[in-house]
Amino acid sequence: MFLRSFYFSILMVFSSVLFVNYKSEEPSISCYMDPIYLPPSTPDLSGSVVISGSVLNIVGSNGDSLGTGTSIDYDGMKIATASGSGLNKYIQLFEKSNGSWTLLTTLSNYSTSVKISGDGNYVLVAEYGSNLVDLYEWGNWNNYIHRFIPIDNNGNDISGNASNFGWQVKCDHGCVHIAISDPGQKTVYRFRRTCTGEFEHYVNFGGPNESYLDGTFGYSMDVSADGSTISIGEHGNQNIRTYNFLSGPAITLNGGSAQFPWNLALNADGTKMITTERNVSTGGLTQTGNTILYSRADTSSSWTLVRAQSGPGAYYYEGWSMDMDYKGNYISGAPGSTYGPSQSSTGKNGKIRVVHINDDDSEVDNQYITETDQTNMGFGNNSISFSGNGRVIVAGGNLSAGGMVKVYEIDYDCFANRTPMTGVPTPLSVVSGDALMNTLEHTDMGSVGDRIGDTSSINYDGTKAATASSI
C-alpha cells in the first residue's frame, strides 16, 4: 500500500523486449500453473492483540523518501521498502533469518510500486519513469525474469500513450495472476502465468475510450491471494468495481464520498474487503478519515457493509494507507497532523489501527499502535503492509529527513504461554509388521464385569493413551 500525490506525472518511455504471449481474446491455452496452495489464515482467537515496540527500524538518508511503498509476504519473513518520490529512487529487500533481519539487495531506479508474492518467491516492481514493470524471482536480483509493457487488446505496444503504467502492481499468492494499473489511461492490465513460465495477456479492464470511467480507475486495487478476484477503485466516481479475475461482469459498489475509495484491500478468497476515505469528516470533526469493512457470502454476491470506523480525531486522515491479511483482519494508517502541523497546536503522532475479527465479522479486538517518532515518520504511516498470517506489520513514512520504515510483530494473549505448532511433525521410524507385533510394552486388564477396551485413543508420539469401559 502506498501514497501518491494527487497529480499524475507524464512518464518517459523507453523501448524494451517483453516475453509475453498477447491475446486479444481470452486465451485458449489449457496448461496453466497448478492451483496455488494457500496457507491457513490466522485462526479465531479469544484473546486481544498484543503489540510491543517495533522490532526493526530502517532509516533513509538525505534525499530519500523511504517508506513511500512497502510489501510483505505471507509469513512475515520477507519485506520490501521503497523510496519512490525523493531524489533517490530505489527498492530494498530484507529477509528474516535466525531471528535477525538482513538487507539482501537494493534495486535502483524503481518507484513506490512493489509487491512481494504471498509465497515469497517473486517481487513485482515498477521502473521509475519508463512505463515498465519487472518481475524478479526472490534471490535472483541480477536479472528480471519477465518485463511487462502496456499493450492494447490487439497485442499492440501502446507505451507511447501510457501515463502511469505500474501505478499499482498486484498479484496472487504465487504471482500466477498479475494486475498492473495505469489510471491516466483508465486501464488495468491483467496477465496469467502458464506452465512454461510465459504470461498470457487477458483483455484489459477499462480503457482510455471508456467514457463511464474517469482518470482514477486503477488508482487503488487489489487481487485476492487465491487469484479469483480483483477489485479496482475509482474515487473520482466513488466506485469500486469487483471482477472475477478471468471473466465475468463487474459488481459495482458506490460509496458516495469524494474520497471513496482512497485505498482498498481483499482477503485471501475475495469475500472480505477493507476500503478507506482518508479526508472525510465524521461526527462533526474535520478530516478524521474513515475505514470501512465489507463482506459477502461468495465471490458472485454483492458487497454488504459490516462497519465504518472513523479516525481518532480531527486531522488524523485515517485510511491514508491500509491492508488486510488472508483471514480478513485489517490495519489502517492514521498519519495525524504530521501531515500538516499547522492544523493542530498540540500535534498528533501517527497511528495504525489494528482490528482482529472472527469469521462472522464480529470484532475481537481493536486498538492503535501510536508512533512517537514523529520527526522521522513524517506522514505517520503513509504506507503499511500486513503479512498474510496477520502476525507482522510494516509501516513507512517519508520526510525530507529521508524517511523511515518500522516493523512490528503481533502476538495474541491467548498464545502467550505456548508456541503454536507449525508444519507436520516428523514421522516416527517405520518398523516392519513382525517387529511391531512382537513388541509388547504394557497390558491393562479389566475386572470382572468391565468391558475395558471398548474405545481407546493415543497421542501423536505414543506417550499417552486412554481406554474406556462402557459398562
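These numbers come from the heavy atoms of this one structure, side chains and all, not from hydrogens, waters or symmetry mates.
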Handout entry: Ser117 side-chain N/O to Tyr122 backbone N/O, donor-acceptor pair under 3.5 Å
Key = yes
To the nearest 0.5 Å, atom CD of Glu234 lies from atom CG of Asn254 at 10.0 Å
Hey, is Asp361 close enough to Lys272 for a salt bridge, meaning N to O under 4.0 Å?
yes
task: Please state whether the rings of Tyr136 and Trp141 are parallel, tilted or perpendicular, taking 30° and 60° as the class boundaries.
output: tilted
Side-chain heavy atoms of Ser383 within contact of Thr112, under 4.5 Å: no
Correct closest heavy-atom pair for Thr81 and Phe94 would be OG1-CE1, 3.9 Å
### Query
Under 3.5 Å, is there a donor-acceptor pair between the Glu127 and Tyr144 side chains?
no
When you measure from the side chain of Asn204 to the backbone N and O of Gly206, does any donor-acceptor pair fall under 3.5 Å? no
Between Met221 and Leu264 the two heavy atoms that sit nearest each other are C-CD1, 3.7 Å
Without swapping roles, check the side chain of Trp167 against the backbone of Tyr219 for a donor-acceptor pair under 3.5 Å. yes
Separation between CG (Asn140) and CG (Asn121), nearest 0.5 Å, reads 12.5 Å
Does NZ or CZ of Arg190 come closer than 6.0 Å to the centre of the six-membered ring of Phe205, within 45° of the ring's axis? yes
>> Run the ring-ring contact (aromatic ring centres under 6.0 Å, His included) test on His146 and Phe191 for me, step by step, so that the C-alpha distance in whole Å, both residues' side-chain angles and the decisive distance to 0.1 Å come before the verdict.
In response: CA-CA 12 Å; His146 286 284; Phe191 303 88; 9.8 Å; no
Smallest heavy-atom separation, Phe245 atom then Gly227 atom, equals CB-O, 3.3 Å
Heavy-atom nearest pair, Ser228 first then Asp269, reads OG-O, 3.8 Å
Please test Val354 against Tyr408 for side chain to side chain contact (heavy atoms under 4.5 Å, CB included), starting from the C-alpha separation and ending with a verdict. CA-CA 11 Å; Val354 184; Tyr408 301 87; over 6 Å; no
CG of Asn267 to OG of Ser224, rounded to nearest 0.5 Å, is 8.0 Å
Return yes if some donor-acceptor pair links the side-chain N/O of Asn154 with the main-chain N/O of Asn156 below 3.5 Å, else return no.
no
Correct closest heavy-atom pair for Ser181 and Val188 would be CB-CG2, 4.0 Å
| request: Evaluate the side-chain proximity of Ile274 to Ser332: yes if any heavy-atom separation is below 4.5 Å, no if none is. | output: no
Below 4.0 angstrom, N of the basic side chain to O of the carboxylate: do Asp359 and Lys327 qualify?
yes
Worksheet entry | Intermediate values then yes/no, side chain to side chain contact (heavy atoms under 4.5 Å, CB included), Ile79 and Ile58 | CA-CA 11 Å; Ile79 63 173; Ile58 309 166; 4.2 Å; yes
* Asked: Tyr90 and Asp64: side-chain donor and acceptor closer than 3.5 Å?
  -> yes
**Asked** Hey, does the side chain of Ser387 reach the backbone of Gly76 with a donor-acceptor pair shorter than 3.5 angstrom?
**Response** no
| Non-hydrogen side-chain atoms of Ile178 and Cys171 separated by less than 4.5 Å | yes
Original post:
Quick check: does any side chain N or O of Asp75 sit under 3.5 Å from a backbone N or O of Met77, one acting as donor and the other as acceptor?
Top reply: no
inquiry  = Test ring-ring contact (aromatic ring centres under 6.0 Å, His included) on His235 and Phe260; report intermediate values, then the result.
reply    = CA-CA 5 Å; His235 63 258; Phe260 180 90; over 10 Å; no
So, Asp157 side chain and Ile151 main chain: donor-acceptor pair closer than 3.5 Å or not? no
Rounded to the nearest 0.5 Å, the CG atom of Asp226 sits from the CG atom of Leu266 at a distance of 9.5 Å
So, Asp73 side chain and Lys78 main chain: donor-acceptor pair closer than 3.5 Å or not?
yes
* **Check against side chain to side chain contact (heavy atoms under 4.5 Å, CB included), Asp119 and His173** => CA-CA 6 Å; Asp119 62 9; His173 182 75; 3.6 Å; yes
Next on the checklist: Looking only at side-chain N and O atoms, does His177 offer a donor or acceptor that is under 3.5 Å from a partner on Asp172?
Outcome noted: yes
Exercise. Taking C-beta and beyond as the side chain, do Arg307 and Ile357 meet within less than 4.5 Å on heavy atoms?
Worked result: yes
What I'd like to find out is whether the side chain of Asn209 reaches to under 4.5 Å of the side chain of Lys186, using heavy atoms alone. no
Taken to the nearest 0.5 Å, the spacing of Arg241 CZ from Ile230 CD1 works out to 13.0 Å
Flag the pair Val223 / Thr229 as yes when at least one side-chain heavy-atom distance between them is below 4.5 Å, and no otherwise. no
Paired with Asn290, the side-chain hydrogen bond (donor to acceptor under 3.5 Å, both in side chains) test is passed by just one of Gln309, Glu277, Arg278, Glu318, namely Glu277
Result for side-chain hydrogen bond (donor to acceptor under 3.5 Å, both in side chains) between Ser231 and one of Thr242, Thr275, Asp222 points to Thr242
- Task: Using modelled atom types only, decide if a donor and an acceptor are shared between the side chain of Lys351 and the backbone of Tyr368 within a distance under 3.5 Å.
- Result: no
Report yes or no: do Asn239 and Asn237 form a side-chain donor-acceptor pair below 3.5 Å? no
Distance col, row Leu66:CG vs Met404:CE, nearest 0.5 angstrom, shows 9.0 Å
Q) Strictly by modelled atom types, are Thr70 and Ser385 linked by a side-chain donor-acceptor pair under 3.5 Å? A) yes
Exercise for the section: Kindly say whether Met273 contributes a backbone atom to a donor-acceptor pair with the side chain of Arg296 at under 3.5 angstrom? Expected result: no
Going through the checks in order, is the ring-ring contact (aromatic ring centres under 6.0 Å, His included) test met by Phe165 and Tyr189?
-> CA-CA 9 Å; Phe165 182 76; Tyr189 302 82; 5.2 Å; yes
Nearest heavy-atom contact between Ile91 and Ser111 is CD1-O, 3.4 Å
Worksheet item: What's the verdict on side chain to side chain contact (heavy atoms under 4.5 Å, CB included) for His356 and Ile410, showing C-alpha distance, side-chain angles and the deciding distance?
Response: CA-CA 11 Å; His356 172 224; Ile410 300 177; over 6 Å; no
